[in-house]
Amino acid sequence: FLAAEQLPGRLVAHLESGIPAVSVLQVDRGEVAESGLRRSLMRHRRMLYTIVAVVVALCMAMWSSLNSAERRLELATAIAVGGTTSTVLGLLVTRAAAIGLLGAAVGYGVGVATAVVQQFETATSIIGSWKLPLVLISGTTLLSIVGALPVAIMTAKADHVALLQE
């Protein structure tokens, strides 16, 4: 692709009149670049979404692991006074879901604010859509639970008596 301003005027006229299959588009260079970038992003959208989902799940697993290690005596005490492994599992998963929900809500708010500042027309379509926040918040909460679940299960099934004896 060559922009029309890169071609001499006689060459543009010759191309348009002499070869019927050729048409010269007169567009700004930025429009061509933006169109190419948009096509590239559309092609790679699923890959980008997958990478983001894996990163979110790994971050939640690491956070859950650190949280469980930090609270292991508290969780062992809860089981020692009559709590069940389901109680511990529920506590850890609920906490991960709450963190995911809060993170998604804050992220959506920051995204909308950024869209309003950069392109108001785009922001109005984002704000008017109920599907985007629903998918974003439910998807992030689900990823948070999936990321925290393996660590929560290992923590719930740990030998809590041995932890309390230390």
Side-chain angles (χ1 to χ4, degrees), residues 1 28-166:
F1 274 108
D28 184 32
R29 288 182 195 182
E31 290 177 16
V32 173
E34 183 177 324
S35 172
L37 178 64
R38 187 175 294 128
R39 280 195 309 268
S40 176
L41 284 175
M42 294 301 267
R43 270 193 304 245
H44 298 96
R45 184 181 349 176
R46 285 195 178 125
M47 183 178 63
L48 290 172
Y49 288 164
T50 303
I51 290 170
V52 168
V54 167
V55 168
V56 167
L58 287 175
C59 286
M60 285 308 296
M62 289 187 308
W63 172 82
S64 183
S65 177
L66 290 172
N67 184 37
S68 296
E70 203 174 89
R71 298 179 60 203
R72 68 185 180 156
L73 287 177
E74 179 185 329
L75 297 170
T77 305
I79 287 188
V81 296
T84 63
T85 56
S86 299
T87 305
V88 172
L89 187 63
L91 285 171
L92 293 173
V93 169
T94 302
R95 190 171 198 161
I99 294 293
L101 186 66
L102 181 66
V106 169
Y108 178 74
V110 169
V112 167
T114 304
V116 166
V117 169
Q118 289 186 351
Q119 280 188 329
F120 186 73
E121 296 82 23
T122 305
T124 54
S125 67
I126 291 172
I127 294 169
S129 171
W130 59 270
K131 290 180 183 178
L132 180 64
L134 179 69
V135 168
L136 175 75
I137 291 172
S138 62
T140 305
T141 304
L142 182 65
L143 277 173
S144 299
I145 291 170
V146 167
L149 200 56
V151 175
I153 290 171
M154 288 184 339
T155 302
K157 292 188 175 196
D159 185 11
H160 300 289
V161 175
L163 284 173
L164 289 174
Q165 287 177 349
E166 287 180 2

With rounding to the nearest 0.5 angstrom, report the CD to CG distance, Glu70 to Leu75.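 Glu70 CD to Leu75 CG: 11.0 Å, rounded to 0.5 Å.
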
How many angstroms lie between atom CH2 of Trp63 and atom CD1 of Ile99, to the nearest 0.5 angstrom?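 One finds 4.5 Å between CH2 of Trp63 and CD1 of Ile99.
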
Listed by chain and number, what are the side chain to side chain contact (heavy atoms under 4.5 Å, CB included) partners of Val116, not counting sequence neighbours?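 Val112, Phe120, Ala123, Ile127.
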
Restricting to side chain to side chain contact (heavy atoms under 4.5 Å, CB included), what partner residues turn up for Ser138, sequence neighbours left out?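 Scan of Ser138 (side chain to side chain contact (heavy atoms under 4.5 Å, CB included), adjacent residues dropped) gives none.
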
Taking all non-hydrogen atoms of both residues into account, name the closest pair between Ala96 and Ser144 and its distance.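 Closest heavy-atom pair between Ala96 and Ser144: O-CB, 3.4 Å.
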
Measure the shortest side-chain to side-chain distance between [X] and [Y] over non-hydrogen atoms and say whether it is less than 4.5 angstrom.
X     : Y     : answer
Ile79 : Val88 : yes
Asn67 : Arg95 : yes
Leu89 : Thr85 : no
Thr87 : Thr84 : yes

Measure from the side-chain N and O atoms of Thr140 to the backbone N and O of Leu136, and report whether any donor-acceptor pair falls under 3.5 Å.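 Answer holds: yes.
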
Enumerate, atom names and distances included, each donor-acceptor pair closer than 3.5 Å involving a side-chain atom of residues 145-157, sequence neighbours excluded.
| unit_1 | atom_1 | unit_2 | atom_2 | d |
| --- | --- | --- | --- | --- |
| Thr155 | OG1 | Ser68 | OG | 3.3 |
| Thr155 | OG1 | Val151 | O | 2.8 |

